[in-house]
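So that the names make sense, note that chain A is the first sequence line, chain B the second, and so on, each numbered from 1.
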Amino acid sequence: MAIKRIDGRKANEMRPITAKVGVIPRADGSAMFKIGNTQAIAAVYGPRDLHPKFLQNPDKGILRCNYSMMPFSGHGDRVRPGGNRRSKEISMLISKALLPVLNLEDFPNAVVDVFIDLPETDAGTRCAGICAASMALADAGLLMKDLVSAMSMGFLDNEILVDINSNEDCDLGATDIPLAYIPSMDKISLLQLDGGVSKENLMKILEIGKQKCLEIDKIQRKALREKFKE
Amino acid sequence: MNKDQKIHLLKSLQKDIRYDGRKKEQFRDVVVELGISHSAEGSARVKIGKTEVLAGVKMALEEPYPDTPDKGNLMVNAELLPASNPEFEPGPPGEEAIEISRVIDRGVRESKAIDFEKLCVKKGEKVWSVMVDICTINDDGNLLDASALAVLAALTDAKFPAVSDGVIDYSKKTDKKLPLTKLPITITAYKIGDHFIVDPLPSEELAYDSRLTVALTEDNEISAMQKGGEEPLSIEDIGKVIDIAQKLAPELRKKLKR
């Protein structure tokens, strides 16, 4: 039984993706990642001095991510600026998703700041944020083991959906499974699940998610090469 | 900026040459793009040179303020995103962000650019609130004028969301546009020594002695002003700035389509 998606996509079809590197000249590194009507802009500053000093780690640099929806980017009411519990949690999860590919040992006491801002959203924001941030870190010239890509998977009416939109996530109540994947390590660095699936289905979902992340990885690499081809 | 750098800057301004080759009263290229966010009721991107600012409009049905029971509400807020400048930090708006949003708010409000009475749904009970948020993407100087233009552009792009049984359906937009009557243009002139420049670069922003922001409507009427900087201005200076603003405003207004 094939599910009918509001935007006419097949169950395993992602929305159109645009990726661009170097969108904020003032930043040390920056990138934009747009999937459907979800758009994330990431800026990287650093490694730079970390204040207040008590936050510093003398062993290695720290990564600090800040995920923020622009006030007009929600698909309902205005989003109050200044962050909330949701954005704090997502910021922390994004840091953890990116950390495994970074080498911050050479930057004791320093911080790498990643600011992720979203001008428009239609679900899958943390995944778009990770994709943009990963490209921005590479653009900043940081030594990295690999890129990180991410995909928001869904499960609805016993069917696996790729890249769920807000209609499926919020209105239809699909189980929502965002994941981030590091190709060279073949490891998953972000995984959440809200809803209900069997172990058997989850294993299938992870396998499909991984394949989609590999497709995104290609798009990210292409965008990076595009900037540095001159 | 140290003393020697400022002397150097003043010498080149004497010859009407800026760091990037522009003349004193010359803007960088201005690009306005509408509809940059599907989530907002109206949105715009403004680029002035490498400076980039987004503005988005959200609308809601709310109770009117007791002193204006038959008029809609306007709110302008500026977020100086830490992504746009290494010196900006996350947190509540600082002085600069508050000044930007308040100057723009007054420019729109006091010029009556929006026909606020048409935003009234039921007197004393329900009116439309228009909330405009500015988000800076890249700060390469002149955030104030860029933000003001972005706000106006986003307002021209805004369409009312659908309403059924008094509840807004944000997923559907109507064809009805915001009732705009005027397009006030905001221009800021910066005084460095005896010179006035517009559209400053970050390095020029470090060097100015005083600045004056002027918002002008189509008929060249002044709808808002704000003096900034540490040095005072003479009445003659103020006249000069208004002349500059009146000369440059029509070019910027052309970038807006109604």
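The neighbour count for Tyr19(B) OH, taken as heavy atoms of other residues, nucleotides or ligands under 6.0 Å away, is above 12. Summarising the local packing, CD of Glu89(B) is surrounded by 12 or fewer heavy atoms from other residues, nucleotides or ligands at distances under 6.0 Å. For Asp29(B), the CG atom sits in a loose shell: 12 or fewer heavy atoms of surrounding residues, nucleotides or ligands are nearer than 6.0 Å. Atom NZ of Lys212(A) has more than 12 neighbouring heavy atoms from other residues, nucleotides or ligands inside a 6.0 Å radius. Atom NZ of Lys173(B) is surrounded by more than 12 heavy atoms from other residues, nucleotides or ligands within 6.0 Å. Heavy-atom contacts from other residues, nucleotides or ligands closer than 6.0 Å to CZ of Arg102(B) number 12 or fewer. More than 12 heavy atoms of other shown residues, nucleotides or ligands fall within 6.0 angstrom of atom CZ in Arg48(A). Under a cut-off of 6.0 angstrom, the local environment of CG in Asp165(B) is sparse, with at most 12 non-hydrogen atoms contributed by other residues, nucleotides or ligands.
With values rounded to the nearest 0.5 angstrom, Cys135(B) atom SG is found 9.0 Å from Ile41(A) atom CD1. Interatomic distance, CG of Leu81(B) versus OG of Ser68(A), reported as 6.5 Å (0.5 Å rounding). Atoms OG and CG, from Ser37(B) and Asn37(A) in turn, are 8.5 Å apart once rounded to the nearest 0.5 Å. Within the model, atoms CZ of Arg78(A) and CE of Met75(B) stand 3.5 Å from one another, a figure rounded to the nearest 0.5 Å. Put simply, CZ on Phe72(A) and CD1 on Ile134(B) are 10.0 Å apart, with the number rounded to the nearest 0.5 Å.
Heavy-atom distances place the backbone of Ser84(B), and not its side chain, under 4.5 Å from chain A. Both the backbone and the side chain of Pro82(B) come within contact range of chain A, with heavy atoms under 4.5 Å apart. Heavy atoms closer than 4.5 Å to chain A are found nowhere in Pro93(B), neither backbone nor side chain. Looking at Asn66(A), the atoms closer than 4.5 Å to chain B (heavy atoms on both sides) all sit in the side chain, from C-beta outward. Both the backbone and the side chain of Ile137(B) come within less than 4.5 Å of a heavy atom in chain A. Residue contact with chain A, scored on non-hydrogen atoms closer than 4.5 Å, involves the side chain of Asn77(B) exclusively. Neither the backbone nor the side chain of Ala154(B) comes within less than 4.5 Å of any heavy atom of chain A.
The candidate with the highest count of non-hydrogen atom pairs below 4.5 Å against chain B, out of Gln39(A), Glu120(A), His75(A), Met70(A), is Glu120(A). Most heavy-atom pairs under 4.5 Å with chain A, from the set Asn85(B), Asp169(B), Val132(B), Ile168(B): that is Asn85(B). Between chain B and the residues Gly76(A), Gly74(A), Pro81(A), the most heavy-atom pairs under 4.5 angstrom are made by Gly76(A). Contact count against chain A (heavy-atom pairs under 4.5 Å) is highest for Asn138(B) among Leu54(B), Ile36(B), Asp140(B), Asn138(B).
You'll find the side chain of Phe115(A) reaches within 4.5 Å of the side chain of Pro90(B), heavy atoms only.
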N/O donor to acceptor pairs below 3.5 angstrom from side-chain atoms of residues 16-29 of chain A, sequence neighbours left out:
from     : atom 1 : to        : atom 2 : distance (Å)
Arg26(A) : NH1    : Asp139(B) : O      : 2.7
Asp28(A) : OD2    : Gly46(A)  : N      : 2.8

